[in-house]
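Everything below concerns the one structure shown next.
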Amino acid sequence: MPITFDATSRTFHLRNEQVSYLLRVLENGTLGHLFFGGSLVEAGSYGRLSGGEFLGYSNRAAAPVPHEYPTSGIGDYRVPALVATQPDGSTALDLRYVSHRVFAGKPAIANLPSTYVQGYGEADTLEILMLDTPASLEVRLFFSIYSDRPVVTRSARLRNVGEVPLTVECAMSATLDLPDSEWELVQLSGAWARECQVRTRHLEAGSQSIGSVRGASGYQHNPLLILKRASTSEENGEAYGLSLVYSGNFLAEAEVDVYNTTRLRIGVNPEGFSWTLDPSAEFCTPEAVLVYSEAGLGALSDAFHGLYRDRLARGVWREAPRPIVINNWEATYYDFDEARLLEIATAAQGLGIEMFVLDDGWFGRRDGDNTSLGDWTANKAKLPGGIEGLARQIEALGLRFGIWIEPEMVSQRSQLYADHADWVVGVPKRPNTESRNQLVLDMSRREVVDHLFGVLSDLLGRAPISYVKWDMNRNITEPFSPSLPAHRQGEFFHRYILGTYELYERLTRAFPQVLFESCASGGGRFDPGMLFFAPQAWTSDDTDAIERLKIQWGTSLCYPLSSMAAHVSAVPNHQTGRVTPIATRAAVAFFGVLGYELDPVALSDEDREAVADQIAYYKARRELFQRGRLVRLRSPFEGDGNETAWMTMSADSSRAVVGHYRVLNQPNRGPSRLRLRGLDAKASYRVSVWPAGKDPVSTANSGIRGGDELMRVGLLVASENPVDSRRVGDFTARLFDLEAQEPAGGHA
Ligand code: GLA
């Protein structure tokens, strides 16, 4: 059992080969945090873990140990985990230990997504019951440790055991105290079409935070906070990652206090939040996932990837090879009819594509973005046979059929709005702010969720639909639900997400064979909460290969290849106007779930051949590209950002594909090497280069190479030949395919 309790010192130790998490019930009954980091021996001298670092409480604490779930008003002046206003208006809370239990497995969290276990022994859980007697507030803290992952998950469940309501103002999923502040904070920040840009800053005195108050996790900041040492690289050094399994307003914060200790906290954003806890009622926080790595950011990402790919994503699509799609959005936008779609599908089928996805514009009178959201019946002028008729014809071509929907939204010009204007999020007597000409449905209301389930299950039930792209294209303004009393309006944002999760849960349960892809104008809600329902997400509306290098690199800090949908689109690119070679576009989109978002009918003969070749290449390596271990080699966020390189490899290191990308060509730059990682040093690999050519780089690398040589010397990624350099041009990419040779051993 990886969780032990030392009754004498009342110390809990959650431990596996990679991490230890220690906490102790202090003499006065408060719960102290001792340590989270690399694995400590089981019966170590826990006594010395506490002491010295924390100087907050005056005479209240038995030892100078930070609290595991700190409250406000009792001498710890740093940011709290829990704030609740009591009937007299006071907010001080002082939680004391009541009892604990340790059990095998990992409990689900009511109505919220969370990581899970599948087999016996995968994880164990420590549940600690705490109580604040004057407030009659019970807090159950859950700590789960996976037996073979450097991961501890946390959540809290609050319960009012008194007779009067309490108001929860802040309930974090986790806080984590670290004894120093020599850390860099890494965050994924961005904007529409520029998601997940890696930003790094040194921790400073005071608080530094990222978060969202938009009603969705948002592309401004991903709900992920990483701390690393200045010296930590992809392969070496310490790093902590805190990730929140939640899709709504979040806060992730680091506070450095006067003694240069660091407190991290992550959870539902207290800004705009309050929750009335009636007698006997409970409130569950979302799950926080805490990862620790001693082997750099690469190992940190490995842990997140494995957990989110295999124990957060669910259903048949968790492991099933994801189909290569053609999406008609950038090919047609709203301007299509059935004949045009069938023409696209036919051409796509000829290239080896497996699924046709019909994007926006198929319903109501939707010929632009200002109408018909909410009216989820086919536009018969465009699709005379309806969705059913189109889907059957697509299937007859040998493709599967997928569809775009945006369930949470409504257009003012729609039948749904005419019938149910009162279902819209908004404050009575205030004008509603429109964004993208649309309004948001009040997902906190049961009748709205029920209605959407009825309409969408009818759609999915009638036509052979194998895939759903679930979009969400605007954030929430005028947050208010007329269905909630005034004192509960602070619950609106969280209830909205709970309603969205409920709809997702009901639809994914009713249609287990359907592959769901989440989307929010690209990566505007790309978070672990969504991955629980939709195992892949549309990474960004920006399909430019060069922009995608940064977006996919950043996203990969936390999210696995299997979660990142990546499409090859036409040039000039619709977001940047950039013209990149079609091989480069493919070589970037391969690292994820590949699709095409262009008009295959309009391809030149040369490009058509290239696309067919790309699809065959991808299919032959689909497992590697979708489920391989991603190793980041050269960052677009470092140096001049001109080069990016990464590789994906099989678990046994016998297969790998390396991607190397150069933005601008530079004349006479001399030879350059790219050292690989993670290979079997003793194995020989057959290296082949894609696209195949007779240039010096291809010739120099192709053939049998030792794993040792590939890691210690590297692939040649630029030749010294200036003539060759002139031919190369800008925006280039090369893939190196590595296959270990049998028997392992000597190499040329
Ligand atoms: C969003 C999505 C796009 C496309 C459009 C359709 O922007 O991110 O991929 O589906 O909506 O309106």
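Whatever order the structure lists them in is the order used to number ligands and atoms, beginning at 1. Computed from a prediction, not measured in an experiment: that's the story for all the values here.
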Out of all atoms in ligand 1, which are within 4.0 Å of some heavy atom of [X]? Include the element for each.
{"X": "Asp360", "answer": "6 (C), 12 (O)"}
{"X": "Trp538", "answer": "8 (O), 9 (O)"}
{"X": "Asn473", "answer": "1 (C), 7 (O), 11 (O)"}
{"X": "Asp541", "answer": "1 (C), 2 (C), 3 (C), 7 (O), 8 (O), 9 (O)"}
{"X": "Cys519", "answer": "2 (C), 8 (O)"}
{"X": "Ser521", "answer": "1 (C), 7 (O), 8 (O)"}

> Can we call the ring centroids of Phe533 and Phe516 under 6.0 Å apart?
Replying inline: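 No, the ring centres sit 6.0 Å or more apart.
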> Would Tyr661 and Trp646 count as a close aromatic pair, with their ring centres under 6.0 Å?
Replying inline: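 Centroid distance Tyr661-Trp646: below 6.0 Å, so yes.
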> Nearest non-hydrogen atom to atom 4 (C) of ligand 1 belongs to which of Asn327, Asp359, Val357, Thr543?
Replying inline: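 When every heavy atom of Asn327, Asp359, Val357, Thr543 is considered, Asp359 comes closest to atom 4 (C) of ligand 1.
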> Does one side chain, of Glu478 or Thr433, offer a donor that lies under 3.5 Å from an acceptor on the other?
Replying inline: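 A pair is found: one side chain offers a donor N or O, the other an acceptor, under 3.5 Å apart.
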> Quick one: does Gly522 get an N or O within less than 3.5 Å of an N or O on ligand 1?
Replying inline: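 Yes; at least one N/O pair falls below 3.5 Å.
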> For ligand 1, which part of Arg436 has a heavy atom less than 4.0 Å away: the side chain, the backbone, both, or neither?
Replying inline: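 Looking at Arg436 and ligand 1, just side chain atoms fall under 4.0 Å.
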> Side chain or backbone of Asp471 under 4.0 Å from ligand 1, or both, or neither, by non-hydrogen atoms?
Replying inline: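 The side chain, only.
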> Is there a heavy atom of Lys469 sitting under 4.0 angstrom from any atom of ligand 1?
Replying inline: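 The answer is yes: ligand 1 sits under 4.0 Å from a heavy atom of Lys469.
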>> Could you check whether Asp450 pairs with Arg506 (Lys NZ or Arg NE/NH1/NH2 to Asp/Glu carboxylate O, under 4.0 Å)?
In response: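 Yes, charged N to carboxylate O under 4.0 Å.
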>> Quick test of your reading of the model: are Arg622 and Glu354 salt-bridged, counting only N-O distances below 4.0 Å?
In response: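 Yes.
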> Can Arg621 be said to sit on top of Tyr617's aromatic six-ring, NZ or CZ under 6.0 Å from centre and within 45° of the ring axis?
Replying inline: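 Geometry flag: set, cation within 6.0 Å and 45°.
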>> Could you tell me if Arg199 sits above the aromatic ring of Trp553, with its cationic atom closer than 6.0 Å to the ring centre and no more than 45 degrees from the axis?
In response: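 Here Arg199 fails the 6.0 Å and 45° test against Trp553.
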>> Classify the ring geometry of Trp329 against Tyr333: parallel below 30°, tilted from 30° to 60°, perpendicular beyond 60°.
In response: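 Rings of Trp329 and Tyr333: perpendicular, as their planes differ by over 60°.
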